[in-house]
Participant: 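Okay, here's the structure, questions in a sec.
Computed over heavy atoms, backbone and side chain alike; hydrogens, waters and symmetry mates excluded.
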Amino acid sequence: MSKLLEIFGKGIVINTVELIWHWLDQNLPQNDIAEPAKEQLTAVLDHLANHEMVQAEDKLKRYLFEAPDCCYGRMAAAAVCLRNNDPRQAMEQAQSVYFRQSSNTMALYIMGYCHERLGHVAEAVECYQDCLKFKHHLQLPRQRLAAIWLRSGRLDKTIHEYELLTSEHPDDISSLVLLGYLYSAAQDYERAIDTFNLAIIS
C-alpha cells in the first residue's frame, strides 16, 4: 500500500541539525560550566541557528581545543558535521559523548541516525533500541525502528512499534492511521477498522 511508504520518511525527514541545536539550547547547564566557556558555547549555538557554519566551526575548534571532554561541545560538533553532510564524523562526535554519558539519548539517537545513513542497519537498530531503554516514550527512535523493520519485510515488528507509538502518544493521529494501514496489510481487517474508527473519533 502506498500509504505505508510514509513510514520510511518518519523521523528521517526531520532536520537533525536543528534537533541537536534545540537539545543543546534546552540542556546547556546554567551552573556547571564556567562563564567564559558558556559564552563560547552560546556563540556557537547562535552561529548554528543562523546557519553561519564557518563561524560556528571556527569557534567550536577553539572551544574543543580548550575543553575536549565537554559533551555539549561534542554534540555541537556533531551538528556541524551533519550540516556538512559528514555522518561518519558526526557519529564519532556522538560516540565521544556516549562514552562519557552512556545514558545520553540524544547521542544514542544521533549514532543510530548516522549508522542508518551509512547503511549499518544492525548498529542503527541497536542504538535506537538502547535509546528507548532509557526513554521509552521517545518517538523518533521508534519511528526509525519501524521504518527499518518495514524495509526488512518484518510487518509484525513494524506493527509492534506502531502499537507502542500509539500507546505512548494516543493523540498522534497520523500514527493511528498508519497503524490501521499496517493492520490492513497484515489482513487483520477487524483491528484495522477499529483503529481507523479510533482515529476518526480522535
Participant: Would you call N84 and C81 a side-chain contact if the rule is heavy atoms closer than 4.5 Å?
Facilitator: no

Participant: Is any side-chain heavy atom of E66 closer than 4.5 Å to one of Q40?
Facilitator: yes

Participant: Restricting to pairs with a member in residues 142-177, which pass ring pair (Phe, Tyr, Trp, His ring centres under 6.0 Å), not counting sequence neighbours?
Facilitator: none

Participant: Going from CD on Q26 to CG on L24, what distance comes out if it is rounded to the nearest 0.5 angstrom?
Facilitator: 10.5 Å

Participant: Enter the distance from L178:CG to T195:OG1 here, rounded to the nearest 0.5 Å.
Facilitator: 11.5 Å

Participant: Work out which heavy atom in R144 is nearest to a heavy atom in I7; give both atom names and the distance.
Facilitator: NH1-O, 4.0 Å

Participant: Side chains of D156 and T158: is there a donor and an acceptor less than 3.5 Å apart?
Facilitator: no

Participant: Any chance you could measure L198, atom CG, to D194, atom CG, to the nearest 0.5 Å?
Facilitator: 8.5 Å

Participant: Take R191 and E163 through the test salt bridge (Lys or Arg N to Asp or Glu O under 4.0 Å) and record every step on the way to the result.
Facilitator: CA-CA 11 Å; R191 290 173 88 179; E163 285 174 340; 3.0 Å; yes

Participant: Are M111 and L82 linked, directly or through intermediate hydrophobic residues, by side-chain heavy-atom contacts shorter than 4.5 Å (ILVMFWY only)?
Facilitator: no

Participant: Are C131 and M106 packed together at the side-chain level, in the sense that at least one heavy-atom pair is separated by less than 4.5 angstrom?
Facilitator: no

Participant: Restricting to non-hydrogen atoms, name the atom on L108 and the atom on C127 that form the minimum distance, rounded to 0.1 Å.
Facilitator: O-CB, 3.5 Å

Participant: Would you check if M91 and I110 make a side-chain contact, meaning some heavy-atom pair closer than 4.5 Å?
Facilitator: no

Participant: Which atoms form the tightest heavy-atom contact between A90 and C114, and what is the distance?
Facilitator: CB-SG, 3.8 Å

Participant: Do you know which two heavy atoms are closest between C70 and Y63, and how far apart they sit?
Facilitator: SG-OH, 3.1 Å

Participant: Going by distance alone, is a donor N or O of one side chain under 3.5 Å from an acceptor N or O of the other, for R100 and S96?
Facilitator: yes

Participant: Which residue pairs satisfy the ring pair (Phe, Tyr, Trp, His ring centres under 6.0 Å) criterion with at least one member in residues 74-133, sequence neighbours excluded?
Facilitator: Y109-Y128, H115-H120

Participant: With distance as the sole criterion, is a donor-acceptor pair present between the side chains of K133 and S103 under 3.5 Å?
Facilitator: no

Participant: Roughly how far, to the nearest 0.5 Å, is the CG atom of L60 from the CZ atom of F65?
Facilitator: 14.0 Å

Participant: Under 3.5 Å, is there a donor-acceptor pair linking the side chains of Q89 and D86?
Facilitator: no

Participant: Does Q129 form a side-chain contact (heavy atoms from CB on, under 4.5 Å) with L145? I'd like the steps, not just the answer.
Facilitator: CA-CA 8 Å; Q129 287 176 334; L145 275 176; 3.9 Å; yes

Participant: Tell me, do V97 and Q93 make a side-chain contact under 4.5 Å, heavy atoms counted?
Facilitator: no

Participant: Looking at every heavy atom in both W21 and L45, which two are closest together, and how far apart are they?
Facilitator: NE1-O, 2.8 Å

Participant: Does the side chain of L140 come within less than 4.5 Å of I14's, by heavy atoms?
Facilitator: yes

Participant: Any link between V177 and I193 through a network of hydrophobic side chains (Ile, Leu, Val, Met, Phe, Trp, Tyr) touching at under 4.5 Å?
Facilitator: no

Participant: Could you tell me whether the side chain of L164 reaches within less than 4.5 Å of the side chain of L132, counting heavy atoms only?
Facilitator: no

Participant: Could you pull out every donor-acceptor pair under 3.5 Å between side chains of residues 48-55 and any protein atom, sequence neighbours left out?
Facilitator:
{"unit_1": "N50", "atom_1": "ND2", "unit_2": "D46", "atom_2": "O", "d": "3.0"}
{"unit_1": "H51", "atom_1": "ND1", "unit_2": "R83", "atom_2": "NH2", "d": "2.9"}
{"unit_1": "E52", "atom_1": "OE1", "unit_2": "H47", "atom_2": "ND1", "d": "2.6"}

Participant: Where do P87 and L118 come nearest, in terms of heavy atoms and distance?
Facilitator: CG-CD2, 4.0 Å

Participant: Side-chain contact test, heavy atoms from C-beta onward, threshold under 4.5 Å: evaluate it for Q139 versus E168 and give yes or no.
Facilitator: no

